[in-house]
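Values in this document were obtained by computation on a predicted structure and should not be read as measured data. The first residue in the sequence is number 1, and the count goes up from there.
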Amino acid sequence: IFFLRKSRERSYGAERRLVAAPRTETASHPLKSVTVTVIKSGTKFPLSRSSSFGSQMSEGSSGFVDPLTSAMEGADPLSMFAAEEQTKKTSRSASKPPKESAEYFDDTFEPWSSKKMAILGKYTTSEKLSIATSFLSGPDKEKGAKAQTATVSDKVKHRLEQLDDFEEGSVQEMLNLSQQDYVHRIEELNSALVLAWEQDQRVKALKIAIQCAKLLADVSVIQFYPSKFVLITDILDTFGGWLIYNLLVIHFFFSFVLRASYDFTPEQVPESAKETCRNWFFKIASIRELIPRLYVEAAILKCYNFLTQGEHSRALGRLALMSRGCGDPLVAAYVRCYLCRVGVTVTPDFKDHLMICFDDFIQSYQQVMSDNVQNTLAVQKLELGQYLQLYMPAVNWILQCSAHKASNETLTQIVERCKEQKNRALLMNAVMSVFKPEFISLRAIEFNQIIRDSGDTIFPLHVLYRSLGSCVALSEPPNEHRLPLLNDVWKVVTKLKNPNEYIMCAETWSEFIAKNFGKREVNTILGDIIKHMTPDRAYEDHYPQLISILNKVMAHCKDFSQLFALEKFLPFIDMFQKESIKVDACKMIAECYVRSQNELTNDPIIINSLFFICKTMHDSVNSLTLEDEIRAISLLICGFIRSISFGQDKEQQLSFYVESRAAFTNIDTVLIHLIQSVNKLAMDTRQIVHGNHSRKTAAFVRACAAYCFITIPSLHSLFGRLHLYLISGRVALVNQCLSQGDAFFKAAIALLAEVPKSLEIDGKHRPTDPLLSDFMSNFISTLLIVPDSPEQGVMYLLRGLLNVVYEINWDRNSDTKARVFLMVLAMLSASVQDTFIYTVDKVDSNDTLYGSDPKYLDDLKKLSSTLVTEILKHLQTLDHPDTHRRQSVLAHEFFCCVIAHADLTSESMLNLAAKLWKLSQKHGLGDNKLSVRTLNSVKRKSSTVKAPQSGAYKQLLSQMQIQSRT
């Protein structure tokens, strides 16, 4: 057994200077690009990276080349990575065929694909539907088999007979289909179309497309017509844009397409491809019924690319005029909608057909009051207002295509045309929905007058005011128009009796009010909403709209003290009676406050209001609440606490933290934040008095320590408590509260006995030894500067810690206990120095209290001898084949501790070090690279430290080298 006779005397300043790396001042930024300096005098330098870097080097300068810049050949690494990413994006985009209309339309144009789901969700029915189809009939298959063996002329004749067969009544009608069955049948049609095409049955595919188009002439269940239009036109798009066009491309232009990415002219198309294309148009021209012929030709309109330049425009104009033959105004509107859809795809810059379609729609729109339409509505028991709603998708799309990149003059022309109509409400709503909000808001007074004078009782009035409100919310009207507009509109809106209609308008106009007016107007609208939504508890059916209103008001709030001071704000929040909805509302308010409140405040209105809001969120947390939800709520509460500051009134600040602790007791994150805030409060107080506490400030920092000491035990996290005890003890020590600091450290030592062997972390049980080792290292380093109490013995806190370490039931497969003893040995070595490596200002540590007292040093030596004995005993228990690697690693760590802290001039310590090195190398299981570095370190010490330590290191080095060779 070896005893630690004496620790090595240390000069910490000299050691720092000895190991410090040499420093030189740099002349240029290390990431600056390489430049070459040309010398006019004729002196030539080689154009190498080492000869110039950023600027010309002087003869005495070092030729330093930054490794990052050198690897990147002179470019800034971040810029290089960004350039590479941009290159990848460019190459990816270049590899895709360009969309013909992508460059013309910007983000303000809403594509049809984004409208489809809304249409399918809105226009539904519970009525029974029917569908006419013959694509699965038996005669079809027999005729197809016969046609395969016929001559060319017979094939042509047979195909024409197939088309005639369809038109002469071979179609079978399926009745009494539910909406779900109808959609399923449409999907089967689409699948049958693709399957027929893949089986090279072109006529059958055309026949299916014709049947689908013919379905759009059926208005037997009229309220489902917009959804049917979406479903059927998807099939037509597949037929024309995917099957036929790609057939021509793949068969005749495959190599050319790869080279030119679909960018070709009709002159480059071979005659065989043109002939095939004409054949398809001739087949479609032979369709006898108008609506199928219109839809199918429009579906393959893109194929005119193969025939003649500019033929799209002429065809669109011709088809737009043909649509006048549709008798039903609703069917005609959607035919024109499809023509506009195709037009923006194949020739987006051509707009002549758009105005034709709109003018023709205006003419056919007058038929909604005709006897034929009225009889249809009577049979289907549909009101006229509901019928007009069916036009909205078609009219909106036609006007959206006309309005895109249109001028204000175009808006004027369309508005004048709409004003001539009797039932102009639908048209005006479509105009406000598609034109730029800037155009509408500039003429908001005029639009309001048109709405008010329309006298249209058929189309819902609240829909018009909602559309107008959306425009003025997105783009503000002129200042002089805002208040008159609001007064005129709200006179009408406030008279709406239906809560659903009222809240739709209020939801839209609330953003306009919050953005452009002050607290008085906001308070007025909130009060009006409460007035309309409170009767019969109507608010319970409109929580989403109320949340949206709250979001809009909060988004444009600039002064939260004024907002919370509004008379109607908290009553508005009280309408959220459902707990989950109320919590969501409170989270929204807290998020907006935390995001927008950049300055600290002590406004009592803000504090009281947010206390109520945060308390609501806090009280919603229970055992079933998800961790992510708890984390989000805790972050919001901490953000609120962080924003409150009473400046120099530290006592008021502490009182606020006391109230917060009482309010938020269930969330560890909030309590930890409060404890850390109080610790910071104590440190701020110390900074104000420059460490010279008066009686008042001393009492205050002790009160802060008491707050922390009382709060920490309420935390659920065991290691959270340990670390906070340590941090709070340090804060108390720095503020010269020695008894409070001792209390924190004693509490931490007592808590160590409760640490289990494993904890559940992220759903898995993990050993606590690594966490405990990290804490011990931090804690033991703190005990160095803690002065011993006069009433206690030498190192009484350390002895208490060691007693707990002895009592802990350590894992047999862990060496953490021995490593803790190594940490204590290092700390004891620092404790016997005349001057500690670090101290606390105005706190006398043991180096001052004891100095070089022989009894003090003797006690430390005895304690060190005991620890060395315990470590050696542990090493002996590892002398087993299964634990040799652990023995080697621990022996090496012990060896490093000895050579770093022990006095090797002592023969016993030198022998201990030599034996530990031998033990670490005994089984050949150590880290070879680590061993080499250790040898080099001892070699360096032997040449740098002063005698007699240098001689001891040389002697040790000699023994280490001999043992390494053996």
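The backbone N or O of E383 lies less than 3.5 Å from a partner atom in the side chain of Q386, making a donor-acceptor pair. At least one donor-acceptor pair closer than 3.5 Å links the side chain of W509 to the backbone N or O of Y465. Side chain of Y365 to backbone of P329: no donor-acceptor contact under 3.5 angstrom is found. Using modelled atom types, one side-chain atom of R293 and one backbone atom of I287 make a donor-acceptor pair closer than 3.5 Å. In this structure, Q380 contributes its side chain and V219 its backbone to a donor-acceptor pair below 3.5 Å. Looking only at distances, a side-chain donor or acceptor of K228 sits under 3.5 Å from a matching main-chain atom of L215. Between the Y123 side chain and the Q389 main chain, a donor and an acceptor come within less than 3.5 Å of each other. With hydrogens and angles ignored, the 3.5 Å screen pairs a side-chain donor or acceptor of S470 with a backbone N or O of R466. Using a distance-only test at 3.5 Å, with no hydrogens or angles considered, a donor-acceptor pair links the side chain of Q400 to the main chain of E110. The backbone N or O of H462 lies less than 3.5 Å from no partner atom in the side chain of E501, so there is not a single donor-acceptor pair.
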> For Y338 and L236, what are the C-alpha separation, side-chain angles and deciding distance, and is it a side-chain contact (heavy atoms from CB on, under 4.5 Å)?
Replying inline: CA-CA 10 Å; Y338 189 66; L236 296 176; 3.7 Å; yes
>> Applying side-chain contact (heavy atoms from CB on, under 4.5 Å) to M117 and K122, what does each step give before you reach the verdict?
In response: CA-CA 9 Å; M117 294 306 298; K122 181 177 181 180; over 6 Å; no
>> Applying side-chain contact (heavy atoms from CB on, under 4.5 Å) to V373 and L377, what does each step give before you reach the verdict?
In response: CA-CA 6 Å; V373 173; L377 299 182; 4.2 Å; yes
>> Is there a side-chain contact (heavy atoms from CB on, under 4.5 Å) between Q179 and F224? Walk through the geometry before answering.
In response: CA-CA 9 Å; Q179 178 178 320; F224 185 66; 3.7 Å; yes
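Summarising the geometry of F358 relative to L399, their closest heavy-atom pair is CE1-CD2, 3.4 Å, with the distance given to 0.1 Å. The shortest heavy-atom contact between A444 and L485 is CB-CD2, 3.7 Å. Here the shortest heavy-atom pairing between V395 and A430 reads CG1-CB, 3.6 Å. Minimum heavy-atom separation, S323 to V335: CB-CG1, 3.9 Å. Among all heavy-atom pairs drawn from L290 and M322, the shortest one is CD2-O, 3.8 Å. Of all non-hydrogen atoms in D360 and A320, the two that sit nearest each other are OD2-O, 3.7 Å.
The aromatic rings of W397 and F109 sit perpendicular to each other, their planes meeting at more than 60°, with 30° as the lower class boundary. Between F435 and F439, the ring planes are tilted. Angles from 30° to 60° get that label. By the 30° and 60° cut-offs, the orientation of the rings of F229 relative to Y334 is tilted.
Within the structure, the salt bridge (Lys or Arg N to Asp or Glu O under 4.0 Å) test picks out the following pairs touching residues 325-343 (sequence neighbours left out): D237-R341.
Distance CG/L426 to CZ/R424: 13.0 Å, rounded to 0.5 Å. Taking CD of E188 as the start and CG of L193 as the end, the distance is 13.5 Å to the nearest 0.5 Å. K515 contributes atom NZ, which lies 6.5 Å from atom CG of L474 (distance to the nearest 0.5 angstrom). Note that NE2 of H404 is 8.0 Å distant from NZ of K436, once rounded to the nearest 0.5 Å. With rounding to the nearest 0.5 angstrom, the CD1 atom of I450 is 4.5 Å from the NZ atom of K419. Rounded to the nearest 0.5 Å, atoms CD1 (I291) and CG (L216) are 8.0 Å apart.
For the pair I222 and T125, the minimum side-chain heavy-atom distance is 4.5 Å or more. Put simply, the side chain of I284 reaches to within 4.5 Å of the side chain of L206, judged on heavy atoms. For the pair V472 and I440, the minimum side-chain heavy-atom distance is 4.5 Å or more. Between S441 and C471 there is no side-chain heavy-atom pair separated by less than 4.5 Å. Looking only at side-chain heavy atoms (C-beta outward), N500 and D541 stay at 4.5 Å or farther from each other. A 4.5 Å side-chain heavy-atom check between I232 and I186 finds at least one atom pair inside the cut-off. Using a 4.5 Å heavy-atom cutoff, the side chains of L231 and L120 are in contact. In this structure the side chain of I356 reaches within 4.5 angstrom of the side chain of R324, judged on heavy atoms.
Annotation: cation-pi pair K115/W112 absent, no NZ/CZ under 6.0 Å from the ring centroid and within 45° of its normal.
For E416, the CD atom counts as densely surrounded, since its 6.0 Å shell holds more than 12 non-hydrogen atoms of other residues, nucleotides or ligands.
Using a 3.5 Å distance cut-off with no hydrogens or angles, the side chains of S467 and N429 do pair a donor with an acceptor. No side-chain N or O of S178 forms a donor-acceptor pair with one of Q180 less than 3.5 Å apart. N372 and S370 share no donor-acceptor pair across their side chains, judged by distance under 3.5 Å alone.
Residues R443 and E438 are not paired through a salt bridge, judged by the lack of any N-O separation under 4.0 Å between the basic side chain and the carboxylate.
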